[in-house]
Amino acid sequence: VLNLVSLADEPAWFPLDRCHDMNTDALARHPFAWIAWRPPAPTRWRETVSLIGAGLLLTAAFTPLAMGIQTALALHDFHIFFLIPVVVAATRYGLSAALASALASTAASAFFFHPPIYSLKIISPSDVMALAVFIVVALITSQLAAAARENAAIAARNFRQLELLYGFSRQLTGASGPEEIVQAIRQHVSGLVGSPVTIITDGPDDTAAARAAEPDWLPDKIRKAIGDFRSQPPGRASILVSDADTQKSWLLRALTRSTRPAGVLIVELEPATPDELENLRLEVDRLLDEAVGTLDRLDLATTVADAEARRKSEALRDAIIGSASHSLRTPLASILGAASVLSASPPVANDPRLAPLAQMIVSEAERLNSDIQKMLDAAALSSSQLKPQLGWMEPADLVNAALEYRQREVAQHHIAIDYEDNPPLVQADPVLISNALGLVIDNAARYSPPGTEIRIGVRSDDGYVTISVEDEGIGLDTQERTRVFDKFYRGNRVRETTRGTGLGLWIASAFVTACQGRISASLRDNACGTRISMSLVAASAEEMMGLGDDDE
Amino acid sequence: MSSSKQTVLVVEDEPQMRRFLKAGFELDGLDVEEAETAMSGIRMATLRAFDLVIVDLGLPDHDGKHLIERLRAWSSVPIIVVSARIQEAEKVRVLDLGADDYVVKPFGMAELLARARAALRRKSDNRALQPVIEIGHLTIDLAHRRVETRGRHVAMTPKEYRLLEILAQHSGKVVTHHHLLREIWGAAHLDALHYLRILVRKTRQKIEVDPTRPALIKTELGIGYRLSPPAGDDHTPH
């Protein structure tokens, strides 16, 4: 549960997001959380024993194999082969397993291969020498391999941390409101520490509409401690508060180190002994130090203010677009109607110079109309006026409606449709989904050369029916694939060459999501071109049977 | 065109719209009378018989639906609604009130003319419902409750036949989901849209050449279904 508090006169709580198991949630988003944050284990002997066991087992498993090879090939300096289990143990399980394996290998070598066989004794001095060399080599090798393993793990971890940090800062700068920023911080930090995180901000905040009661999920004692902590001058990095009733502890710390307070970050910790708690606190503090440092560098207060300004300007722009579109549409209806009468009237239709001109007015007016429709849709989406009317729909009806709606745009392309036999009905708002599909088809036609094929496929799978649209265009690069559904996003490669508003796929994805569906973009299998797939909830077998049919 | 000149009543408050509608209908050989408000439209319709009424929903004095309701009290004249930003629920409402068709603004004159011709044709046909209806390769013999495609008998379940029968009785016109659900399953099943969808799918599989691209039973998305009008009256632009 994430709450936001304004520092104005009295604290007020704004529930932003209910998430019961934030721990798992955060982990799902940040797969490296476990690597970054591993609770310091008090004793490791159990682990060490199992690692030694793994090393011994590896050698034991290798020995019969080695004996087989030895018998078959009658090799001489055989002990060198025992480096194999040692290296495997070092790279897979680390140093202790490697050492165990090295010792076991020496013993096995002495026992099975050096005369007298089946005795640990060794007669030949050269054998003694060889074994001694083997031990040294095995030890060095296992050290090196284990170090390499460690380095690889560190590099991978650093890389993931960098990746996460990069994603986090992108989320911050792209956020369109303080809530999104707080959400991003919360996710980031709870991903880092692997515990539920609450953030209370003092940022500029006028979203007082959602004022709610104080959170009752925090014990009184903790709430009081939070209040005390917030009224203190900034200085102390963090404090630990425990609650005897729930056995839980909370770690409080300021959100920034700068003089200007930006809020309090609260980490909920599981029950633990005082020593463990202190360890935890140090570890969490260290991690938070990094996160808070990042926040300082990103200048949180300014970012929050920027996001707020951005949101206001977006709201204003949407309002303008909405009212402008309405007033543009009225004259457009007359223009289109009048032009259509003109282009059909004999004097114009029979004059080869005039007929194309009248036709041009018609087609341009139609195009303008579809652009205005997009802006209206976008404005409706931004002000969340969208209320889908969900019902069971025939997939083919949706496809046919979208194609009819877009017949002018796809006139230059071949359309191939491939239906699965008797696909289930889908849950959809017919208008939203046929429009979304129309926008996707329009997009396919726009970004693939005339004369090429647009393939529409309808397949059901695992409770969903997926309608896919594939074109033979230039496909998507990595950036385009992740951003193609963003508002106003247009790919670098097409921005100059093709007309577009950057709204179509954004609207399509919002429509699909509103109908509880999913949309995704990918490259076509084994061919160039883009595939956009929308998956809609499929009717269950019972619903498909539920005819109550006394027929037949 | 028909022998005597047919007259259209256009009820629309915007002068620009009226001007192009008048020109468009006159070029197509129809006479046009104009009204700016719902009340004057109703008055004019009582003074003389029109062959077709075009009505905008957003009129200054009353909603266009009011005019449809009043007209339907005593007249079966075909009514076509033209309106901007018409929601699917609103379309269903005007159809249920008795409008024959609707066209969403902005539209091209060709589209409206096609709908108008279809409505006029229905008006002249429907005086006496034909016992045998032929649409493309499909023959529906309402008197003998028999359906044939390309002269071959098609076995239909009672519900499938009932669906075809209702659509045929309103051939060329949209029949709303509610209407079909009420007629086929009864008033208790008005929400069972998926029954209807599956029934339509099965019926299409029996009578359509390609059931996924139906030429006979057309879907009006979110509204209902429409049986294509008999040959020679096809107004769907394909």
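Keep in mind it's a predicted model, so treat the numbers as computed, not measured. Order of the sequence lines sets the chain letters (A, B, ...), proteins ahead of strands, with each chain counted from 1.
- When heavy atoms are compared at a cutoff of 4.5 Å, A/P424 approaches chain B solely by way of its backbone atoms N, CA, C and O.
- The structure places CD of B/E88 at 8.0 Å from CG of A/D429, a figure rounded to the nearest 0.5 Å.
- For the pair A/P346/B/L27, a side-chain contact is recorded, criterion being any heavy-atom separation below 4.5 Å from C-beta on.
- Atom NE2 of B/H153 has more than 12 neighbouring heavy atoms from other residues, nucleotides or ligands inside a 6.0 Å radius.
- In this structure, B/H194 NE2 and A/L425 CG are separated by 8.5 Å, a value rounded to the nearest 0.5 Å.
- Of the atoms belonging to B/Y161, not a single heavy atom falls under 4.5 Å from chain A.
- Taking CG of A/L342 as the start and CZ of B/F20 as the end, the distance is 11.0 Å to the nearest 0.5 Å.
- Using a 4.5 Å cut-off between heavy atoms, B/R18 does not touch chain A at all.
- Counting heavy-atom pairs closer than 4.5 Å to chain B, the top-ranked of the candidates A/L332, A/L336, A/V431 is A/L336.
- Remark: A/L403 CG to B/R213 CZ distance equals 6.0 Å, nearest 0.5 Å.
- More than 12 heavy atoms of other residues, nucleotides or ligands lie within 6.0 Å of CG in B/D31, so this atom counts as buried by the packing criterion.
- Neither the backbone nor the side chain of A/I335 comes within less than 4.5 Å of any heavy atom in chain B.
- No other option in A/A338, A/A365, A/A401 has as many heavy-atom pairs under 4.5 Å with chain B as A/A338.
- Annotation: B/R19, atom CZ; neighbour count of heavy atoms from other residues, nucleotides and ligands within 6.0 Å does not exceed 12.
- Contact tally against chain A (heavy-atom pairs below 4.5 Å) for B/Q16, B/R197, B/M109: the top residue is B/R197.
- Annotation: A/D462, atom CG; neighbour count of heavy atoms from other residues, nucleotides and ligands within 6.0 Å does not exceed 12.
- Neither the backbone nor the side chain of A/A344 comes within contact range of chain B; no heavy atom of the residue lies under 4.5 Å from a heavy atom of that chain.
- Atoms CG and CZ, on A/D397 and B/R201 in that order, are 9.0 Å from each other to the nearest 0.5 Å.
- Taking the side chain as every heavy atom from C-beta outward, A/N422 and B/Q205 approach each other to under 4.5 Å.
- Note that CD of A/E394 and OG1 of B/T212 are 9.0 Å apart. Values are rounded to the nearest 0.5 Å.
- Neither the backbone nor the side chain of B/E111 comes within less than 4.5 Å of any heavy atom of chain A.
- A heavy-atom distance below 4.5 Å is found between the side chains of A/S334 and B/E14.
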* Asked: Going through the checks in order, is the side chain to side chain contact (heavy atoms under 4.5 Å, CB included) test met by B/L221 and A/M393?
  -> CA-CA 9 Å; B/L221 223 48; A/M393 303 297 303; 3.6 Å; yes
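- Nearest heavy-atom pair across B/P106 and A/A333 is CB-CA, 3.5 Å.
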